[in-house]
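Here's the structure, in structure tokens; my notes come after.
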Amino acid sequence: MTHSIRTTREHPSRRTLLGGAALAAFTVATGTATATATGTVNAAAATSPATWPTQFPLPDGFLPEGIAIGRKPYAYMGSRANGAIYRTDLRTGEGGILFAGATGLVAVGLKLDSDGLLYVAGNTGVARTHDSRTGNVVATHQLSEATGHFINDVALLGDRAWFTDSRAAALYGVPRGRSGAVRTLPLTGDWVQLPDVNNANGIVGTPDGRALIVVKSNPGELYKVNTRTGHATRITLAGATNVVNGDGLYRIGRTLYVVQNRLNLISVFHLDSTSTTATLTGTITDPRFDVPTTAARFANRLYLVNARFTSPQTPETTFTGVAVPI
């Protein structure tokens, strides 16, 4: 099955990627295309991404939010319930608990480094690094006070892992590796912190690697942040009024994917050469989306977790991860 969608030069080419029992609808600026595929995936025959499953289960009551993928076909997802980390083999959709978590722990945004360290945003003022092979905690970083803060997401840029705080006007830079001092970077410039709502959420590096892009979930804005000074410049949106409910960010070249969780939508933007203007080029929707929060890429797919914020969050609530072609 083939699928086409409007692209920019930097956007990866579309391929025949949707396998397994799935129905995906991709709404773009120029119209809507719908593709359907049926069938089951045999794990023994899962030799290429085109045959891999496009949906996989997570444990009941897991409360997922973050997802990270590295060079190998494994997805790591964190739990808001107890900070557990679950690892899924993307080739088969099968997985298991890598880190069991504990009472009082939280795992939201995650990023996997090339050295095998997994950086985890821990919500209550805390960030952790884990060994992605064993799940063991390598280090715990106290970024802020436990109350009045929400350490939400993380991006790897330069020599630091940068964490957002949805309840404070600051980013936190943790040295990449196993030791070093945390740097607090107050946000200035165009940034105005709003009370009693989530502000900074998803975060990603700019194409030139010199700055960060941060989404402010409320009222739905993008900012370019200078990592030396903390000066935040609001990014002009073209073709879109806002990115309200913006959550996870993912970037490929100058193509920026903004996951808008409660809208069950991914907005696709093209960044200009200075990353100060973002032009909407399309959107991605899928009937399997159930409040997706963050995204990670493997091959020509984006993988997302469904946080299901609008459903009961109980030990019996079911959760899934899903993949869409890009």
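Between the T164 side chain and the D153 main chain, a donor and an acceptor come within less than 3.5 Å of each other. A donor-acceptor pair under 3.5 Å links the side-chain atoms of D190 to the main chain of R234, judged by distance alone. Checking side-chain atoms of N199 against main-chain N and O of V197 turns up a donor-acceptor pair under 3.5 Å. A donor-acceptor contact shorter than 3.5 Å is absent between the side chain of S132 and the backbone of L117. Checking side-chain atoms of R251 against main-chain N and O of G205 turns up a donor-acceptor pair under 3.5 Å. Side chain of R262 to main chain of N245: no donor-acceptor pair is present (N/O by atom type, distance under 3.5 Å, no hydrogens or angles). Formation of a donor-acceptor pair under 3.5 Å by the K72 side chain with backbone atoms of D89 is not found in this model.
A distance of 9.0 Å separates OG1 of T129 from CG of L118, quoted to the nearest 0.5 Å. Remark: K111 NZ to L156 CG distance equals 7.5 Å, nearest 0.5 Å. Separation of atoms OG1 (T293) and CG (N201) is listed at 9.0 Å; rounding is to 0.5 Å.
As a member of the Ile/Leu/Val/Met/Phe/Trp/Tyr network built from side-chain separations under 4.5 Å, F150 groups with V106, V108.
Residues E221 and V215 form no side-chain contact, since every pair of their non-hydrogen atoms from C-beta on lies 4.5 Å or further apart. Contact annotation: the side chain of V204 approaches that of L256 to within less than 4.5 Å [non-hydrogen atoms, C-beta and beyond]. In this structure, Q142 and Y172 have side chains that are not in contact, with every pair of non-hydrogen atoms separated by 4.5 Å or more. The side-chain heavy atoms of L143 and V174, taken from C-beta on, include a pair separated by under 4.5 Å. Using a 4.5 Å cut-off on side-chain heavy atoms (C-beta onward), T227 and L171 make no contact. Counting heavy atoms from C-beta outward, L58 and M77 have side chains that approach closer than 4.5 Å.
When the side chain to side chain donor-acceptor pair (under 3.5 Å) test is applied to T229, no partner is found at least two apart in sequence or on another chain. Listed by chain and number, the residues in a side chain to side chain contact (heavy atoms under 4.5 Å, CB included) with D290 are N306, R308, T310, S311 (sequence neighbours excluded). Every residue was checked against the side chain to side chain donor-acceptor pair (under 3.5 Å) condition with Y250, not counting sequence neighbours, and none meets it. Every side chain to side chain contact (heavy atoms under 4.5 Å, CB included) that N242 has, sequence neighbours left out, goes to V244. In this structure, the side chain to side chain contact (heavy atoms under 4.5 Å, CB included) partners of T276, at least two apart in sequence or on a different chain, are K224, D272, T274. Qualifying side chain to side chain donor-acceptor pair (under 3.5 Å) partners for T88, counting only residues two or more places apart in sequence or in other chains: none. Residues meeting the ring-ring contact (aromatic ring centres under 6.0 Å, His included) test with F298, sequence neighbours left out: W52. Partners of T124 by side chain to side chain donor-acceptor pair (under 3.5 Å), not counting sequence neighbours: none found.
Within the structure, the ring-ring contact (aromatic ring centres under 6.0 Å, His included) test picks out no pair touching residues 299-318 (sequence neighbours left out). Pairs passing the ring-ring contact (aromatic ring centres under 6.0 Å, His included) check and including a residue from residues 184-206, sequence neighbours excluded, read W191-Y223. Annotation: ring-ring contact (aromatic ring centres under 6.0 Å, His included) contacts involving residues 94-141, sequence neighbours excluded, comprise F99-H130.
Under the 3.5 Å distance criterion, with hydrogens and angles disregarded, a donor-acceptor pair is assigned to the side chains of H149 and D165. Side chains of N152 and S166: a donor-acceptor N/O pair is present below 3.5 angstrom, by distance only. Between the side chains of Q313 and R80, at least one donor N or O sits under 3.5 Å from an acceptor N or O. Remark: the T54 side chain and the R288 side chain contain an N/O donor-acceptor pair separated by less than 3.5 Å. Donor-acceptor pairing under 3.5 Å is lacking for the side chains of T294 and E65.
Across all non-hydrogen atoms, the minimal contact from P59 to I97 is CG-CD1, 4.4 Å. Residues G253 and P207 come closest through the heavy atom pair O-CG, 3.5 Å. S144 and I151 get closest at one heavy-atom pair: OG-CD1, 4.1 Å. The two atoms that bring T184 and A170 nearest to each other are CG2-CB, 4.2 Å, heavy atoms only.
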Query raised in the report: Going through the checks in order, is the side chain to side chain contact (heavy atoms under 4.5 Å, CB included) test met by H231 and T233?
Result: CA-CA 7 Å; H231 187 278; T233 302; 3.5 Å; yes
Requested in this report: Quick one: do V258 and F269 satisfy side chain to side chain contact (heavy atoms under 4.5 Å, CB included)? Show the steps, please.
Outcome: CA-CA 8 Å; V258 182; F269 291 91; 3.9 Å; yes
Report task. Test side chain to side chain contact (heavy atoms under 4.5 Å, CB included) on L222 and V243 and set out the steps. Result -> CA-CA 8 Å; L222 294 171; V243 286; 4.1 Å; yes
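No option in D159, D113, D115 other than D113 meets the salt bridge (charged side-chain N to carboxylate O under 4.0 Å, His left out) test with R176.
Surrounding CZ of R183 are more than 12 heavy atoms belonging to other residues, nucleotides or ligands, all under 6.0 Å away.
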